[in-house]
Structures are given as C-alpha cells and as structure tokens.
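Throughout, a chain's letter reflects where its sequence line sits, starting with A, and its residues are numbered from 1.
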Amino acid sequence: PEPLTASMLAAAPLMDQKQLLGERLYPMIHAHHPNLAGKITGMLLEIDNSELLHMLESPESLHSKVDEAIAVLQAHQAKECQQPLV
Amino acid sequence: ANGTNINWPPEFCPGVPWKGLQNIDP
C-alpha cells in the first residue's frame, strides 16, 4: 500500500484517522510482538496523530514507543493480578 | 481516577473499528 501521509490523514474524517493509523501500525508491531500487537496498537493510538505518522516513517521511534508500551502494559497487568480474588 | 481499568487498553484488530475511538474527544 502507498505510504500514509499527513495530507491523506487530514483528508479523512476524524473517526477514520486513528483507524488508518492503526491499520498501518498493526502489521509493523505484529511482526515483533504477535501476541500483544492488538493491545500495543490500541495503546499507541492514544498518542497524537502527528507523532504516530512519524513513528510509521521511523522504525527506531516506533520500536522505542512499543518497548515503552509493553512496560506500561506489564505494569498495568501486574497491578490487576495484585487485586484480591473475590 | 485511581482505579485500574481491566478493559484498558482498547485492543486494535485490523478491519474492525477501533473501540478506543469513542474515548477520543475531537
């Protein structure tokens, strides 16, 4: 597919912009983290669109954000596990 | 809010409208 550009994104309705970004980010994340790709992509989509576009163009910045997201996700899950089982 | 949200993060599945969209303010 052709690369996603800022102008393409701006032309899309707001509701579609995150979806477009997610469709591009997901395969890149899935290649490295097949089990967590859906959750990681969901987390990253909360970031600004301009930053997400930059991440699509720069694998290094994507990977550093993915690593950050995994750390946050694991901390979040660890917190859940500490809750008493009632 | 201080509570944990077990439904977070909204998972993205290709081809499926992302559920997190409804939480984003224009």
(request) Quick one: do B/Trp8 and A/Glu46 satisfy side-chain contact (heavy atoms from CB on, under 4.5 Å)? Show the steps, please. (result) CA-CA 11 Å; B/Trp8 182 90; A/Glu46 292 174 346; 3.3 Å; yes
(request) Would you name the heavy atoms of A/Lys39 and B/Pro9 that are closest together and state the gap between them? (result) O-CG, 3.6 Å
(request) Measure across A/Gly42 and B/Trp18 and return the closest heavy-atom pair with its distance rounded to 0.1 Å. (result)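 The pair with the smallest heavy-atom distance is O-CZ2, 3.1 Å.
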(request) For B/Glu11 and A/Ala37, indicate whether the former's side chain and the latter's backbone hold a donor-acceptor pair under 3.5 Å. (result) no
(request) Identify whether A/Leu44 and B/Val16 are in the same connected component of the hydrophobic contact network (ILVMFWY, side-chain heavy atoms under 4.5 Å). (result) no
(message) Let me confirm one number: the CZ-CG distance from B/Phe12 to A/Leu21, rounded to the nearest 0.5 Å.
(response) 9.0 Å
